[in-house]
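First the proteins, then the strands, lettered A, B, ... as listed; each starts at 1. Not measured: the values here are computed from a predicted model.
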There are 4 protein chains.
Amino acid sequence: MKSSTPLAPRRKPRQSRAQVTCDAIITATAQILVKDGYDAASTNHVARVAGVSVGSVYQYFSSKEALVMAVMERYRAEGLTDLEEGMARLSGATLREALRLLIRQVLAKKAENPRLHQVLVEQLPRMRQLQQVDPYAVRMLRLVRDFLQPHAREVRPKDLDMAAFIIFNTVESLTHVALSSRPDYLTREAYVDELCALVLGYLQPTRESVRRPPARTSRTRTAATRKSRSARNR
Amino acid sequence: MKSSTPLAPRRKPRQSRAQVTCDAIITATAQILVKDGYDAASTNHVARVAGVSVGSVYQYFSSKEALVMAVMERYRAEGLTDLEEGMARLSGATLREALRLLIRQVLAKKAENPRLHQVLVEQLPRMRQLQQVDPYAVRMLRLVRDFLQPHAREVRPKDLDMAAFIIFNTVESLTHVALSSRPDYLTREAYVDELCALVLGYLQPTRESVRRPPARTSRTRTAATRKSRSARNR
Amino acid sequence: MKSSTPLAPRRKPRQSRAQVTCDAIITATAQILVKDGYDAASTNHVARVAGVSVGSVYQYFSSKEALVMAVMERYRAEGLTDLEEGMARLSGATLREALRLLIRQVLAKKAENPRLHQVLVEQLPRMRQLQQVDPYAVRMLRLVRDFLQPHAREVRPKDLDMAAFIIFNTVESLTHVALSSRPDYLTREAYVDELCALVLGYLQPTRESVRRPPARTSRTRTAATRKSRSARNR
Amino acid sequence: MKSSTPLAPRRKPRQSRAQVTCDAIITATAQILVKDGYDAASTNHVARVAGVSVGSVYQYFSSKEALVMAVMERYRAEGLTDLEEGMARLSGATLREALRLLIRQVLAKKAENPRLHQVLVEQLPRMRQLQQVDPYAVRMLRLVRDFLQPHAREVRPKDLDMAAFIIFNTVESLTHVALSSRPDYLTREAYVDELCALVLGYLQPTRESVRRPPARTSRTRTAATRKSRSARNR
DNA sequence: GATGAATGAGAATTCATTCAT
DNA sequence: GATGAATGAATTCTCATTCAT
């Protein structure tokens, strides 16, 4: 349908005024994506909103796709940075604590600008057809894997790459799908609990992994919990 | 952008000839979606492939969206039926066995026509904007919930609706994402194992839920594992 | 720069109203080419002048080039037919007489619509890049060759294909160039004389080939002419 | 369409550095014309290839047309000089010898850079619309006329201006058309022979003008030929 | 019911040209 | 003199949709 044009920005602006223009264009694109969706983000519309001429848009972006790509890039770079920082702050936390923090962060990030998130995720497959590899996804997975690595022995899955893939995508998807079809879940602490239970139950199926607040002596607690649950379910 | 037209087929054709035409149109649309993607599925193209005139397409479908919607409807109806039948065949199976069967079925279904699945999933959000509620999703969730209900006492989550939501979307998403970015996973039994572990670990976190074939001496081994892990975590 | 699109008309119109539209489009294109030149013949402009929508233009012609091609085709078909008819009327004429008639006809044809002729000739090379072979040119040359064939023994050149090529292009070019840079020549009988002299001198260098009116007994006349000319040149 | 801007270079650069820039621009234009054709020769592209900014291009050339014009000018000036030199070397040669040399030279010149020649010839008409008179053509014709002048008495045509026009354009056109549609002819000595025959037959129709090497006993053979032909024609 | 010709708004993209720095 | 960012009119072409036959 479309000959594959390179999606990378066309030229790196050298003069500062060019940088301003370039930023304005990306920002305008994001705005339109949020307000009116992908189809409304025509290059002319973007130019108009950015307060520049179409020509300027094409000076920096070789196509409409490149434009969306740039927004995506920016958004995902943020996500990556956030996650990196989040993880940096995690030293000393238990796996359970760490997971809860990270899941909460992912939810918060997406809830921050749900519309943009939504539109970008919807366009991802389209972009992937054009870009063979998705360096962002690769780095994200690596991050999760590196997070799991030190816990390798406490954790059931042997294939940490697959585990990272599963965990990352589970959290992403469940956040995303809640966002679009059960927004009420996003504000319910129970949902976070369940996500944590899901991931922890996957990583450490023999532990009781859901009760909050975290107990001190895991062995005893587990036994207790198990008993009490049987009681409840009776 | 677009005035919201009703997406239901325009007329239920009563004559069998008309039914044939209508089917041909849906089939043609599906074909094109699979072969060339959403953008290529122009109404004229569909008409040509279906061997009818554009006029006839508009006789049965009020818009392009209605067309895609019909394909989606058909595809999802199949999925629903499959799941219903799958569940019907489940009587007597343990939760673990049942889950494995169902997960395998979902994977198989999607792998059957990955391209169509992909395109339709990509278009889902677009459709959702037009249809506020997604009756298919509702029924799917109900099905999963009804499946969980009899196991309510063996299972940790108390909010079975949320559990159904989480399980259903987890399996769907992980199948989908594997399809598009890790097709190799689809053929690896280990991936099915992990999905089962994920869901079972969520539903029954205190049980050992992954080893295959299912261990007979689970209690002992579980205890042992638990001990060694506690040791490590100390 | 441009991926090579097929230049043949897109669809043969089946309904008569379509034929009307199609003709109107070609006629409008020709008009614009004549009045404003190639660059002005934008598809929108053509549509406007033809009194149809751009969409209709693209229904029948796959690109702007196809449009010009159609005009060319029509114009050249006329030229071919004219030449065929002209030759049919030639039975019994001597080579000299025949040539004079044909040359006069070519000149007349081009003078008939000089502007159109000019524009089309200018665009020929562009079209040739798109169409590998030029069937019209082939047929024209064959026509000239077939005209020479019966005279093969009266005529000096042995390679009749090359002779046809040379004669045809000489007459064409000299007509064309006169048209664009010496329009005064077109109305001067002397110019026709010279063209005849050129071609005849090429075909039959030993004959005296220019004097008008045609003499009866060629042998005597030739001798006489030769003598008188020497006298003049003295 | 376009307001008629003067086509002469904007400023004659006096500083040598500027001259270098100016040359670089013309050379770049020529290069692009050769490699990618007229449409690809955008001013920005030219600037990039020339290693200057668009602004600099417009410092020296008032428009894109002026740019192409400059290339044309340069190319044609070469042609003119070549012809002048060629003629200067001709003293003592017979008309026949002279013609053969000149024709060969024209062919060689065009074959030297066929692509450039082609592009420029295609653009000639466009340029002519802007420049009413073509001083180059005028000078070329004068040159040919001056060449004919001394032979005025050996030569049939009396209107030497028209003769120059015809000869010049015949040779030019037949070279050009061979270049673009019968490149094989360019390397065949027979083609040169035929061109010579054409021109000589035009200038001196009573002489035998084609046999090569030039016959010494032309009178006898000519007579013989004439006889046999008359016989055939009888 | 069916056809397919016609529509036309609107999309992406280019490129000659200007002008502030 | 030189730069290159910015311009924006203009162009090609598509496609969902309508409606006369």
For D:Val71 and D:Leu116: C-alpha separation, side-chain torsions, deciding distance, then whether side-chain contact (heavy atoms from CB on, under 4.5 Å) applies. CA-CA 10 Å; D:Val71 176; D:Leu116 181 59; 4.2 Å; yes
Could you go through C:Thr43 and C:Arg48, starting from their C-alpha distance and side-chain angles, then the distance that decides it, and tell me whether this counts as side-chain hydrogen bond (donor to acceptor under 3.5 Å, both in side chains)? CA-CA 9 Å; C:Thr43 48; C:Arg48 195 157 45 253; over 6 Å; no
B:Asp36/B:Arg115 ion pair, N-O < 4.0 Å: no
Short side-chain to backbone donor-acceptor contact, C:His45 and C:Ala40, under 3.5 Å: yes
Given atom NZ of D:Lys64 and atom P of E:dT14, what is their separation to the nearest angstrom? 14 Å
A cation-pi test, strictly: NZ or CZ of D:Lys64 under 6.0 Å from the centre of the six-membered ring of D:Tyr58 and no more than 45 degrees from its axis. Yes or no? no
Is there a donor-acceptor contact under 3.5 Å linking the side chains of D:Thr27 and D:Arg74? yes
Quick one: does any side-chain atom of B:Thr29 pair with a main-chain N or O of B:Ile25 as donor and acceptor, under 3.5 Å? yes
Rounded to the nearest Å, what distance is computed from the CG atom of residue D:Asp39 to the P atom of nucleotide F:dT11? 14 Å
Which base, if any, makes a Watson-Crick or G-U wobble pair with F:dC19, both distances under 3.5 Å? E:dG4
Taking for A:Gly51 and for B:Ala41 the nucleotide of DNA chain F with the nearest heavy atom, the one nearer the 5' end belongs to A:Gly51
Show each protein N/O and nucleotides 8-10 of chain F N/O combination with a separation under 3.5 Å, one pair to a line.
| residue | atom | partner | partner atom | Å |
| --- | --- | --- | --- | --- |
| F:dG8 | N7 | A:Ser53 | OG | 3.4 |
| F:dG8 | N7 | A:Gly55 | N | 3.4 |

Nearest-angstrom distance from the residue atom CD of C:Gln59 to C1' of F:dC15: 11 Å
Without decimals, in angstroms, what is the distance between C:Phe61 CZ and E:dA6 P? 12 Å
d(OH, A:Tyr38; P, E:dA11) in whole Å: 13 Å
B:His45 NE2 to F:dT14 P, in whole Å, measures 14 Å
Within residues 23-34 of chain A, residues whose heavy atoms come under 4.0 Å of DNA chain F: none
Between A:Glu122 and A:Gln118, does a side-chain contact (heavy atoms from CB on, under 4.5 Å) hold up when you go through it step by step? CA-CA 6 Å; A:Glu122 282 168 29; A:Gln118 189 124 338; 3.3 Å; yes
Nearest-Å distance for atom pair CZ/C1', residues C:Arg48 and F:dT12: 14 Å
Quick one, D:Ile26 with D:Leu67, criterion side-chain contact (heavy atoms from CB on, under 4.5 Å). Give me CA distance, side-chain angles, the key distance, then yes/no. CA-CA 7 Å; D:Ile26 297 180; D:Leu67 213 50; 5.8 Å; no
Once you apply the 3.5 Å cut-off to both distances, tell me the Watson-Crick or G-U wobble partner of E:dA11, or none. F:dT12
In whole angstroms, how far is the C1' atom of E:dT7 from the OH atom of B:Tyr58? 13 Å
Judged by nearest nucleotide, the residue sitting upstream toward the 5' end of DNA chain E, D:Ser42 or B:Thr21, is B:Thr21
Scan A:Thr43 against the nucleic acid and name what it touches under 4.0 Å (heavy atoms): base, sugar-phosphate only, or nothing. base
